[in-house]
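The structure appears below as structure tokens.
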Protein chains: 4
Amino acid sequence: MIRLQSHPSGRHFLQIPGPTNVPDRVLRSIDNVTIDHRGPEFGVLGREVLAGMKKLFKTESHVIIYPASGTGAWEAALVNALSPGDRVLMAETGHFATLWKKMAERLGLQVQFMPGDWRHGADADQVAQVLAADSAHAIKAVCVVHNETATGVVSNVAAIRKAMDGCRHPALLMVDTISSLGSIDYRHDEWGVDVTVSGSQKGVMLPPGLSFNAVSAKALAAAQSAGLRRSYWDWQDMIAANETGYFPYTPATNLLYGLHTALEMLFEEGLDNVFARHRRHGEATRRAVRAWGLEVLCKKPEEYSGSLTAVLMPEGHSADALRAVILKHFNMSLGQGLTNLKDKVFRIGHLGDFNDLTLCGTLSGVEMGLGLAGVPHKKGGVQVALAYLSEQAGASA
Amino acid sequence: MIRLQSHPSGRHFLQIPGPTNVPDRVLRSIDNVTIDHRGPEFGVLGREVLAGMKKLFKTESHVIIYPASGTGAWEAALVNALSPGDRVLMAETGHFATLWKKMAERLGLQVQFMPGDWRHGADADQVAQVLAADSAHAIKAVCVVHNETATGVVSNVAAIRKAMDGCRHPALLMVDTISSLGSIDYRHDEWGVDVTVSGSQKGVMLPPGLSFNAVSAKALAAAQSAGLRRSYWDWQDMIAANETGYFPYTPATNLLYGLHTALEMLFEEGLDNVFARHRRHGEATRRAVRAWGLEVLCKKPEEYSGSLTAVLMPEGHSADALRAVILKHFNMSLGQGLTNLKDKVFRIGHLGDFNDLTLCGTLSGVEMGLGLAGVPHKKGGVQVALAYLSEQAGASA
Amino acid sequence: MIRLQSHPSGRHFLQIPGPTNVPDRVLRSIDNVTIDHRGPEFGVLGREVLAGMKKLFKTESHVIIYPASGTGAWEAALVNALSPGDRVLMAETGHFATLWKKMAERLGLQVQFMPGDWRHGADADQVAQVLAADSAHAIKAVCVVHNETATGVVSNVAAIRKAMDGCRHPALLMVDTISSLGSIDYRHDEWGVDVTVSGSQKGVMLPPGLSFNAVSAKALAAAQSAGLRRSYWDWQDMIAANETGYFPYTPATNLLYGLHTALEMLFEEGLDNVFARHRRHGEATRRAVRAWGLEVLCKKPEEYSGSLTAVLMPEGHSADALRAVILKHFNMSLGQGLTNLKDKVFRIGHLGDFNDLTLCGTLSGVEMGLGLAGVPHKKGGVQVALAYLSEQAGASA
Amino acid sequence: MIRLQSHPSGRHFLQIPGPTNVPDRVLRSIDNVTIDHRGPEFGVLGREVLAGMKKLFKTESHVIIYPASGTGAWEAALVNALSPGDRVLMAETGHFATLWKKMAERLGLQVQFMPGDWRHGADADQVAQVLAADSAHAIKAVCVVHNETATGVVSNVAAIRKAMDGCRHPALLMVDTISSLGSIDYRHDEWGVDVTVSGSQKGVMLPPGLSFNAVSAKALAAAQSAGLRRSYWDWQDMIAANETGYFPYTPATNLLYGLHTALEMLFEEGLDNVFARHRRHGEATRRAVRAWGLEVLCKKPEEYSGSLTAVLMPEGHSADALRAVILKHFNMSLGQGLTNLKDKVFRIGHLGDFNDLTLCGTLSGVEMGLGLAGVPHKKGGVQVALAYLSEQAGASA
């Protein structure tokens, strides 16, 4: 094997906003021997993970599990429910929203892209305006990223649904929850989402390699009558085979073992506790950032992310240089700034299998790194985080 | 974790023709902590597995690694190199060739399907005839399954290339090696293949979840000028990012650890030894089958498979009943007959991480199962296999 | 890591009579992170494994778990219950009985060694005679190996107890079950054993590193009033700490995880099923041996072992040469002949995590090896074993 | 398996002074299949771990590896080199020195125990005085704990050797390095130690279950002519078998795999770097402790430990209550005060597989715990540690 743990000593701090630190219980599950994907044991496994995923998405409808990255689940959402030349409304919340838009264009859709400054979530009012103007119902889908991984900004999906309902516009609502599922509260059915896209390697605490579509009855109906050319991503084949716990083609068996265990862990902790933990770690991180005299990229408090915090560098200082110093001296990986934000922000992932002390270690690494990299800042961010975490722990006592 | 090892005692014999028995070394690699897919360690990993895959395909050109099942790699081959309405020539070698054909149709291609009896490989002469008749060069690709997993029949790829060259026909040659790569000799460059499709879970000894395209310069050129709508499967994005060992979207990191180890193991054993071992186990299996008085599905000796042997049941006897008896009493999974062959054949996988004694255990399970299931047969198949394996071991001494 | 899986391909057949093939479930347990041996989670673990071990020994009395090899548990039995110069009666059943005797002498005990031919178990009548003659009750303990790992001969412990009771002799009864616990029926309380010695690496399906004493009230009382100098092995310290699930010094935490899982597996299968399986595999093995025209070392059918079969080589042929051929060609380790039996027997382990097909593979390796090594024999042993295993499977249907 | 990772989320901080956090690389090694302990692969493993252990002890003489806890290695040292009634000089440095003394008494030795206040190391001057007074050379051994795990105080072994040499006293020097080997510089040969005792579960980064004796020629000679009754612990049997890499009784194979990997990791990092890292973490910890206004148990700076720091609680406050609060709220285990120090100190382990950020997390947990438990203290200990660690990182840049 390639030597992966070459760091001087101790655990690497993988604090990018995903892939996240995979818990030992999940890794050990994945390490079990592969079984016959057409045998009786597999059927039990398949049915259990499918049921667990519905619970996680908070849906009574169907969930599809692909042996693919999250990018594949984006593609699956588009090719099943939309037809060539269809118009879709997308919100420019950041790098990943932009990638999804480019994908839509490559697949032959016409994208109306609501511009954004990468510091705000999708604007429900703007969605309302655009849809109201679309009296011909040319727009077939509204696509929003729930938690923009590039910026740490959360869009209000319920508000967007309300905006759509307000216009009585029949477009489908598609939401990317790749970096929010299992970290930030999400409700596929209650919020009236038609297709939710997600992946395994963030809040779901798995290595990358699985991705998901949660699909409403309306989306399924749309897929019946139309859709781009598709085969691998086809929902119908999946749903038919899934009924008995099987898959139309060879599934990623060992990652499904891990998924079974990860779901077990999330439900053991309790989803509400999981979400509260992420909120707490987000708040502690932002308090540290402000104490350092730095700026959180996300502008609006109601759009703060529990999954990650993007931090703006002071003018004239390189985020990538800072990240390199931290990796070298403190064995911690942080997320880089992407495209528009390249070298201007660094991102602290505080999602997945994580706890108060690991957050303290993470913030300590950032604070020491700022010093070593010569970035102007005030000391004491960690101290402020400790005060907040103590207070929260005291309140829960 | 779902309890997977519920069998009474001892190791399960996973003798379906894939997924195969994953070696402990590979499972332990997959169990390592996930790393930053944009960090420096990942780049080394990426470059090494890409180089290893070229060696395995015997190509100097590009290999693409997808986080997807083998079915995804089929789709990738078609959508990159072909355009809507393109005509492709496919050979009906069995269930999987038929699935690939259906996929091609769903993706909007026109398939000319050379019929077959599921007991022979693709017929190079027939290919030559069809191509010779296509003076307008309407046929854009010839698609062949190297080792048909449903039948245990190997098609002669070099002969098909020769047939194509004989007609000076410009069609691309696409070959599925999902159940032959790492088990049966295969030479992407020497045989002039344009796109080779493969997967991780058979001779490559990994769990399912990775698949591959090896791509010739000619196929890349075709992809430039044409191609179906594509994004996830796009070769160009992959090749560009792969140059430094990275991927355009999140790769299945932990499966790549396993791939690194599996390649290491294959090269340690030596590919020629790997292929000879599979040939030896195929021959031992067929001798046992004949000693039982049963018939090997594959008709022509030069098309015998080293990966698996499909065995015809005597008239009036159910292969699925036999398989159920063997699973119940001997904790062994065998491959079922698919579609046309449903209940008529069972398939013995003898590929991947396998050795003489495991084969003896496997054949013993079949022989005892035949008796318990009341299938008419002669005893002594195992004994005949032992004689052959002993002789081979003696020769290698 | 040192490269351990260097064999050409496939699983190694570890068919020595222990250490045995450790099941994946056990290995994965051992691979969990080490916990605080004084924390609350550890107490639960400790209590559960101690309770499980009592069930396995079939005792209501105390079981001690040592972080040590089986040899340490021999020493523990002697130093706790016996005093310097004490006379003990031991039965020469083979190499391991002889080693235990040497240990007793080194520790300052006087050993009366009933001679044996290494082909029979301890003779209850002889025990009765010796004890009857010892009217002064100078003999403080009778020590017997239940299943002599060097010979594959089982001593009748219940008969020996009856012999002792018949003489109303107060000596303690000490029994070594290192290679029978978890493989051959054993009843500490019912058979009136005072100290049962055992280890982790055979029927208990763990790697080596743990060993056991099951201790009767009578033995505990003996330990109170007398005993050799001891500290590490002291029962009292252990029993006191064990009450709450803890240990007087650092226990081998990760092996205890494995023990928890192994006990779970044994009880899931059911001890009676476990014993029946071992008996069946012993019988199948002996039938194969006889079919080869070779001789089983054990003379009396009622003393046959379910754990292992020692096979005599024909005069003038080397067992070690045969074993080397089998290791080289068939990747299987067999047990060697020890001291008196050096090079004269080889031992086939059929204990632990094992099943019918693995046994078939094992016997196939022996049969092929006999041929390659030029050992005179008849073919067909495997075939005979298949017939027996089929018949047994049919009967259980 | 018993559910061990029941904590709400994230990794447990195992900051007791051993067992320590076992690195993934070591756990994965232990998880390999068990091999034949008499086969050729094992010999290579045995020779390599024995050679590595010599390097770690810095000795050219023999190292013995026992399948046993550290307590067993204490016993081994005494029973091999000493005879019944022998007088030994031991230094009361704390709980573990006292346990070793009790063991010596139980084994029949006469212990002269130099009293200590559990806040200082063994006093070389006092040793010199006692030995000078022993003109009859009745004292056969001087026994010292290098790093007293109960107190975090290091004794100066070189000075004690010098004191012994100054008196020309022939007593053997025996040193316990259970919590210093692999963490604090140690030199068996250079310091003239006769028997060094150690264990696997601290700086050596393994789970518990292996322990060690490094043995000088002088100690071996002593063992020849005298010694308590012994068998399991006998050096001679071990040394004889070890020559070819094997052991006189079944070794703890899977833990030896882990030892191989752990040695590899220590040598990769470089022993001097390992020691410097532990010194740095000790100093950072003590600075934090002082900033909190608390007192380090160890009195003399030249006796500070790099392995652990014992911290005195303010009068009237319970260390165990504090530890319970920290375990509950912050998922961290700290070491308890033992016997004389029960409830009066808590111990922070900073040894083994550990790094700057993990230390920051650890100190954060202590600082927050002090607040939640209502222990009077000043905030800012973590901040002071960050300043020190930053400065050190900067210096190494």
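Reminder, nothing fancy here: chain letters follow the sequence lines and each chain counts from 1.
- Looking at Glu105(A), the atoms closer than 4.5 Å to chain B (heavy atoms on both sides) all sit in the backbone: N, CA, C or O.
- Atom-to-atom distance recorded for Leu206(B):CG and Asn254(A):CG is 9.5 Å, nearest 0.5 angstrom.
- In this structure, the side chains of Tyr232(B) and Trp233(A) come closer than 4.5 Å at one or more pairs of heavy atoms.
- Chain A forms more heavy-atom pairs under 4.5 Å with one residue of Ser211(B), Gly335(B), Pro208(B), Gly18(B) than with any other, namely Pro208(B).
- Residue with the most contacts toward chain B among Leu228(A), Val49(A), Asp237(A), Val22(A): Asp237(A) (heavy-atom pairs, distance under 4.5 Å).
- Looking at Arg11(B) and Val33(A), their side chains come closer than 4.5 Å, going by heavy atoms from C-beta outward.
- Although no hydrogens or angles enter the test, the distance criterion places a donor-acceptor pair under 3.5 Å between the side chain of Ser69(A) and the main chain of Thr250(B).
- In this structure, chain A has a heavy atom under 4.5 Å from the backbone of Pro251(B), while its side chain stays farther away.
- To the nearest 0.5 Å, the span separating CD on Gln201(B) from OG1 on Thr253(A) amounts to 8.5 Å.
- Rounding to the nearest 0.5 Å places OG of Ser231(B) at 11.0 Å from NZ of Lys102(A).
- Residues Asn32(A) and Leu27(B) come closest through the heavy atom pair O-CD2, 3.6 Å.
- Looking at Leu107(A), the atoms closer than 4.5 Å to chain B (heavy atoms on both sides) sit in the backbone and in the side chain alike.
- A heavy-atom distance below 4.5 Å is found between the side chains of Thr34(A) and Pro207(B).
- Of the listed residues Pro67(A), Ala252(A), Gly39(A), the one with more heavy-atom pairs under 4.5 angstrom with chain B than any other is Pro67(A).
- When the salt bridge (Lys or Arg N to Asp or Glu O under 4.0 Å) test is applied to Arg229(B), no partner is found at least two apart in sequence or on another chain.
- A pairwise comparison of heavy atoms in Gln336(A) and Arg38(B) identifies OE1-CD, 2.9 Å as the closest pair.
- Per-residue counts of heavy-atom pairs under 4.5 Å with chain A were compared for Gly209(B), Gly199(B), Pro19(B); the largest is that of Pro19(B).
- Residues Asp36(A) and Leu14(B) have side chains in contact (heavy-atom distance under 4.5 Å, counting atoms from C-beta outward).
- Near-neighbour residues of residues 70-81 of chain B relative to chain A, defined by a heavy atom under 4.5 Å from a heavy atom of that chain, comprise Thr71(B), Gly72(B), Glu75(B).
- Most heavy-atom pairs under 4.5 Å with chain B: of the set Asp31(A), Thr20(A), Asn21(A), this distinction falls to Asp31(A).
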